[in-house]
Structures are given as C-alpha cells and as structure tokens.
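First up is the structure itself, then whatever we jot down about it.
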2 protein chains.
Amino acid sequence: MEARHLRYAVALAEHEHFGRAAGELGIAQPPLSKQIADLEREVGVRLFDRTRQGVFPTAAGEAFLARARRALDEIAAATVDAGRAARGETGRLRLGFVASALLDPLPGVLSRFGRERPDVRLELHEMATSRSSPALVAGELDVALTLGPPRGAGAEHLVSVPIGRDHVIAVVSTVHPYAGQQSISADQLRRQPLIVSAGEDEPAVVAGLRTLLGTDSSALGGATVARDVHTIIGLAASGVGVGLGPSRMRAVPRPGVRFCEVTPRTPLPDLILSFAARDHSAVLRAFLDTIRKNCPDVGAALNDRLRPHT
Amino acid sequence: MEARHLRYAVALAEHEHFGRAAGELGIAQPPLSKQIADLEREVGVRLFDRTRQGVFPTAAGEAFLARARRALDEIAAATVDAGRAARGETGRLRLGFVASALLDPLPGVLSRFGRERPDVRLELHEMATSRSSPALVAGELDVALTLGPPRGAGAEHLVSVPIGRDHVIAVVSTVHPYAGQQSISADQLRRQPLIVSAGEDEPAVVAGLRTLLGTDSSALGGATVARDVHTIIGLAASGVGVGLGPSRMRAVPRPGVRFCEVTPRTPLPDLILSFAARDHSAVLRAFLDTIRKNCPDVGAALNDRLRPHT
DNA sequence: CCCGGCAATACTTTTGAGGTATTGCCAGCA
DNA sequence: TGCTGGCAATACCTCAAAAGTATTGCCGGG
C-alpha cells in the first residue's frame, strides 16, 4: 500500500464522486477507479458504496479513512519537522560548563538562546574543565565552556575559541580594614586568612593564585577552601577572611561585601568555548551565534565559524 | 512522497548500511540509494550522514523518522481497523425500543451483545413505536423494537420480524383480595380501580385493553394512568388498584405483588424487530444473531436474514 | 424507450521503480 | 606511496504499473 492510495481514498470520500475526485487529484477517472479497486482488494474489504446518489464510505471505509488521514498528516508533518530540525529550530544542545561561567556569560546567553530557540531542549551539565573535553570528543556533549583550552586525547578534533578574559580579584566584607582600598597588594593578602575555591577541580586557578602569592607561600596551604564562589563571597561577608576568585564573581549581587582589584594583576585562564570540529549542526551554529551576540570580545575564530552556511 | 520512501528510510536507519538495508527490503542497493536521494531532495534536507563507520540519521533525519514510523503504524492500523469494522467488531449500533422491551428481551440481549462485541458502541433510544419507523427509514436508527409492525411512509423498505408474543396480565398487591386467584376475569376487573400505562404513546396496548374491558366500558376512562410498568407495579403494590400491563412485566422482580393471568386471554401486539432492508452491515448482522440466540421464538425471517454472508 | 450521467473495462502510453554493471571514494595496510 | 577492499553513487537498461484514451454497461429520470 502506498500513500497514493490513501490520498485517493481521502479525495474520493471528500467529493463522493469518482470523476470530480479524479479531477481534483489531477488524474483521469479510470486510474482512480483502478487504484481504489486495487486498494479494496489489498485491504480485503469494500471501502466505498457506489450508489446513484454518490460514492460513500462503508463502515470499514470510515475506519480506514480515519487512519489514512492521520497517516497523511504524519507524512506532511515529517517534512515540516525535518525542515525545522535542519534549521536548528528544534533539537537538543548538551552544554558542559565550569561553575564560574554561570556567573557571567551564561545567564545572558541562556536566556537569549531560550528566547530565540524555544523548542530546543537545553541540557546543562556543570563540570570541571578536565571532564568537558573527553565528553566532547566522545560525543556526550555538544559544546563546552572551560577554563583554558581543552587538552588530552582527541583535543585536536575540537575547535576552541576564547570568549572572555579573567583575572584574580579579592572580595572582603564592607567592615574589613581593606574594604576602603582601591586595590589590595599580594603582601597584604599574605598577612590575611584567605578563602579560595576548591583547587583540585580547576588546577589553572590554583596556578594563578600561586603566581600571585609565590609558589613557596604557606598562605595558600592555610586558606579556607570553598566549593564555589558563592561560598567564598558568603564567607568573606561574614568576616572569615579575604576571598580570592575570578573577576567574573563581580556579577554576583550581594550586599555586605566589596570587590577589590589585586596587585599585581594576575591573569586567570581564559574562558574557552569549544566543540567538535566535525559538528555542523544548526543548533550548535545558532548557539555560537548567540554567544557571539552576547560576548563582546569573542575571538575571530567564532566569526569565521559562523560564515559558511552549509 | 510515497510510503515506500518512509519504509526505505526506516530500514536504512535500522541497518545503518545501504547494502544490508536493501537486502532486507528485497531490493538491490542502487535503487535504495536513489530512493533515499529522491526523498532527501523532496524534503530539501539531508536526512542521513554517510560515514565510513556507517549511515546515520542527521538531526533532521531523526525528526523525520519519528514521524515516518508513526505514519507507517497508522497505515498498518488502517487495514486492521477496516477489517475489524467489516467484521462488525467495531462500529456503532443505534437501537430504538419501546419501554416494555427493557423488561424482557433487552437485558439479556444487551448484556450478551456487549460481551460478544465489546468494541461496538451501543446507542440506546427509548421511543414509541410510532417514532421508530420514520427514524429507521431516515437512517437515524439501525434497528428498532416496536409493538406491532412498522407503518407509515417508507415502511416497505423495512424488514420486520416478530420476536415475542405478549398478552395482558394483572398485577395486584399480595394483600389484595384477588391475590390468591389463579386468574382474574374481565368482570372482576371492571369492579376495581385500574392502573394502566400512558395510552397515547402506544395505541395498540390501549386497543388490547379495550378489547378486554369492552369498548363502552368506563373502567378505562377512570383508570389511573402511569408512565411505565414500574410505576404500575409500584402503585399496585401500595394497594391503589389492579395494575394491567404486558405479560413481559413479570420479568420485573418486586416483592409485595402478585401477577395474575386475566381471562379472557387478551393478546397484545407482538414485539417486532425491524431494520432497513438495504442495511447489510456486519454490526447489524451480529446484533440479529444475538437476538436469535436470546429469543426462543424468533420468526423464520430472521434466520433467513442471517444465512447469506455477503 | 431513449437519454444522460457515472463507474468499470479494454487497451495504449509513459513514467519511474528496480536490476546490472561500473565508477569513485576513501580507510587501512603493505 | 601505491594497492586493495568495501561501500555508496552513477550510468544505463528493463519492465511493472500508473495514467491516459476510448468504450462499454448500468441504471434512473424524462
């Protein structure tokens, strides 16, 4: 049985007349008669009653037609859905990201993307840089935001684009003696109880702090370790010590604390967006476009990437 | 687009390999390649990625395949449903009936039919004999149970079969003086307050009572009129008088009353089953068959009707 | 009894699905 | 680097069947 049989049966039921139905279908009457006869033979049941008053579906015909119409609807929808998927209007995007990305670029990016692509299912996975790259290579993620470029097996199949610079800043309670300072020096920091984020997950951040405080400094060893920047800020607010974290944490609105620059200015690894080089999906392209529109200082590589409309 | 394209795409997605999918479909590989290419051209989107590792659906392909599978399921179900409808396993039966039919043949018939044809939707319409026949002729009913044969315009297009005889019986309270009698005479009835059913809807019943009591009798004029036999029995039980009704009302289980024959035995119109002569639907045939199995004294016409398996 | 309208049948044409043979394109390997 | 094997695409042919034309057959209404 072919879709043609369904279309013909539906048209015949619609017009209740072989000649007119055939005309509507753009064919002559005899072929329509034959196709309907073939259909009835295949189904094994008379689907239409031919009377002088017109051609009407039998009970079996009504049952058949109900299914036939649904089948034809599905077929029409198949083309529509395929087109929407190809244009990236539907689908799925699995995004891996480091926690600090939640502070700055992600809120704007995600809300904009959700508005532009309401039918794309976003799957968000907070994970350390070290876990993102293998997941991208294995095809478990579509795109990742990491601190520093991806490394490890298969990294050469990934495209990486820096989308934001970062450096170390301090956060102190508004009643802390340093709160009035424009910036805090490394020496001052070494004399204070410090609060830093859990180091093992993001060694690049730890390296930055070591650079700032000196590799032999015992300040880091004695520091309070917090799981995330919110905790750092909370602890700093309550006067436990001076929090150290990425400048991105300025984005967290919180009364009772002050953010201060630290001298010397200590760069942290760039926030890097990466994805599989062979991935040309429209959903990914749309996401990259959103990133470009939301992040002022994206690398040229991303613009290049968005040029070709393959 | 034809169902063939859907089947081929589904098979290709299943086997992830043009050659093997073609083998499974019973065709050679080149035609499959061509059909898939044609499909992709028509949809306007690449549906499969051909890689060295195999052939995999693109995101658009996945969206397309989901619809394609549903469409194929509908097509398969269309044939199945048409067959079930043609065998009378599904569908609708609109039954018109006089209230007294609810007493005797209908409970058994309906429960049996409901068991044998669980997927047939039964539409039950209690109506007077005079309304059933036009409804049958107009195609608003499929089958009717009436008192006496159908009459009126178009009645010649109806088939009528007597399925049960009936006569007048009396119902009295167990404490009524007549309660002990084997039968009650017409004379005795004329000396009692009577309870009869509403006459206008079923003139044939009124005619029967007139025959029994005498056309000039004032007994009928002074009788209490009840809407249905349940009311007659209820009023009789409470001692209002002697109820007169069809022998069918014996089927109503009710403590506190006794049913008595009436002499002379006064026949009431036969219970008649009728339907459109041109109606050959399987659901109707199944219903007639149920009637035959449930009513011992159906006319030969019904058995004739069930013979041909057209 | 003829006529008109309609579906079915008979027969022809033509489209396109499917078959065979071949090419082209890599990936793996010597 | 060239060779080979596996696979999809291309080229070309064949034939089934979809569609067209002409005609018949069947009623129902003048």
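Please read these numbers as outputs of a predicted model, since none were measured by experiment. Side chains included, hydrogens not; waters and symmetry mates left out as well; all remaining heavy atoms used. Protein chains get the first letters and strands the later ones, always in sequence-line order, with residue 1 at the start of each.
Put simply, the side chain of Arg67(B) never gets that close to the backbone of Asp81(A): no donor and acceptor are under 3.5 Å apart. With hydrogens and angles ignored, the 3.5 Å screen pairs no side-chain donor or acceptor of Glu74(B) with any backbone N or O of Arg69(A). Side-chain N or O atoms of Asp270(B) include none that pairs as donor or acceptor with a backbone N or O of Ile272(B) at under 3.5 Å. Within the 3.5 Å criterion, the main-chain N or O of His280(A) finds a donor-acceptor partner in the side chain of Arg285(A).
Distance, Asp49(A) CG to dC6(C) P: 18 Å, rounded to whole Å. Per the geometry, CD belonging to Gln35(A) stands 14 Å off P belonging to dT9(C), to the nearest Å. In this entry the distance linking CE of Met1(A) with C1' of dA17(D) reads 17 Å, nearest Å. At whole-Å resolution of the value, CD in Gln53(B) and P in dA8(D) are 12 Å apart. Rounded to whole Å, the distance from CZ on Arg50(A) to C1' on dG5(C) is 17 Å. Rounding to whole angstrom units, CD of residue Glu16(B) and C1' of dG6(D) are separated by 17 Å. When rounded to the nearest whole Å, the span between CG of Leu39(B) and C1' of dA17(C) equals 15 Å. For the pair Arg4(B) CZ and dA16(D) P, the computed distance is 16 Å after rounding to whole Å.
OP1 or OP2 of dA8(D) has not a single side-chain nitrogen or oxygen of Ser33(B) nearer than 4.0 Å.
Using a 4.0 Å heavy-atom distance criterion, Tyr8(B) is classed as a sugar-phosphate-only contact.
One side chain, Gln29(B) or Ser33(B), offers a donor N or O that lies under 3.5 Å from an acceptor on the other.
Closest to the side chain of Arg52(B), out of dA8(C), dC25(C), dC27(D), is dC25(C).
Note on Arg84(B) versus Glu89(B): salt bridge recorded, some NZ/NE/NH1/NH2 to OD/OE distance being below 4.0 Å.
The aromatic ring centres of Phe48(A) and Phe56(A) sit 6.0 Å or more apart.
Proximity of residues 17-31 of chain A to DNA chain C (heavy atom under 4.0 angstrom from any strand atom) is restricted to His17(A), Phe18(A), Gly19(A), Gln29(A), Pro30(A).
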